Amino acid sequence: MTSLILTNVRPWGADPVDVAIADGLIADVVPTGTADGAGERVDGRGLLALPGFVNAHAHVDKSWWGQPWVSYDGEATTQGRIAHERAERDKHGIPSTASTIAVLREFLRHGTTATRTHVDIDLGVGLRGIETVREAAAALDGAVEVEIVAFPQDGVMRRPGVLELLDQAAAVGATSIGGIDPASIDRDPVAQLDGLFEIAERRGVGIDIHLHDGGELGAFQYELIIDRTLRAGLQGKVTISHGFALGELPAQRQAELLVQFADAGISWATVAPVRSAPLPWRAMRDCGIPIGLGTDGIRDLWSPYGDGDMLRIALGFARLHGLRTDDDLAYAIKLATTDGARFVHRAGLDLVPGARADIVLLDAENLPDALMRAPRRQAVIAGGRLVVRDGELLI
Ligand SMILES: [Zn+2]
């Protein structure tokens, strides 16, 4: 039995404890100085301890991380970015196992131990991206748990054959299938959504749909999604990613939709981009609409931004929404950790006995201090294994 005892750490900033780890799980949490038993001991030096971060919306297959800088030169619209990526990706070897490993390692270095990633499937790469991501995750021995959404980045109905690819992806283990702007990309919202829901219902997978469309065009598609979620009995299995329209709608319209989202068990993934309309996050929380945070793509042919640090995404969420109180700032961190668990189908993600031993140590006074400074990760334990020390990867 492999075992590790992490001494003198402060879970969520509380009083110091020792954490006993066995077989990849947290076996016990006891007041510091009282853990006994054999095994390697790691001195936590009174550092703040958090559960591993969850990246609920990533694109680990499409980055040029680890390669020389790629200057962005596409048109800055959704369609412009799609076209730019199609034209340029082969030149940069996208998708490749090496680049995907580089991204996952960077996630891990910042303390992310689980991610939901959208993986491009299209008429050019077929399902090759899914294989690539699986190989990369296996190369890290599961240190980062990876859940796959088969993502039709280039459209569905406008690209005959893509629906069949989504169906095949669902058959070979994608946990969810994606979609993208059924109105503005496919210009046939009913057809795309009917196609996606038919597959999801038949294959028993979830749906996680990219929706950039704003205002009432976005809201119209929310209504189509709510209606189909209820009819297909997919409550709890549908996520809207980005969903920029929600923050833009009048308060009364928002309130009506939130009740319907809650009723349909629809969750929300956001990367809290600057200049997007703030989400009605407090009302969403009160209605029980789950929110997950993600990095989106980092350093890819869409955008040069992003470093894979979920704590910085939580800080972006806090800034966008003007959070100031300690409780609200702590909530932003929770979104990037425990609240993300459902997006990767993890139960009991926390610093408690029985949970997978995913632990991040930071030199911070408390949660708000950790959020404001996003200090380097002093240590990361993933599945019971010490994988980062002093901000550097050991694997
Ligand atoms: Zn995305």
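Note that this is a predicted model, so its numbers are computed, not measured. Counting starts at 1 for both ligands and their atoms, in listed order.
Summary: NE2 is the N/O/S atom of His57 found nearest to the Zn ion (ligand 1). The Zn ion (ligand 1) lies closest to atom OD1 when only the N/O/S atoms of Asp296 are considered. The name of the N, O or S atom in His210 nearest to the Zn ion (ligand 1) is NE2.
The Zn ion (ligand 1) has no N, O or S atom of His242 under 2.8 Å away, backbone or side chain. Contact annotation: His118 places no N, O or S atom under 2.8 Å from the Zn ion (ligand 1).
Note on Met310 and Ile291: same hydrophobic cluster, where clusters join Ile, Leu, Val, Met, Phe, Trp and Tyr whose side-chain heavy atoms are under 4.5 Å apart, directly or indirectly.
For residues 278-289, the set of pairs meeting the side-chain hydrogen bond (donor to acceptor under 3.5 Å, both in side chains) definition, not counting sequence neighbours, comprises Arg282-Asp328.
A donor-acceptor pair under 3.5 Å links the side-chain atoms of Asp122 to the main chain of Val125, judged by distance alone.
In this view, Thr239 and Arg116, Ser267 satisfy the side chain to side chain donor-acceptor pair (under 3.5 Å) rule, not counting sequence neighbours.
Residues Gln79 and Ile185 meet the side-chain proximity criterion, which asks for heavy atoms closer than 4.5 Å.
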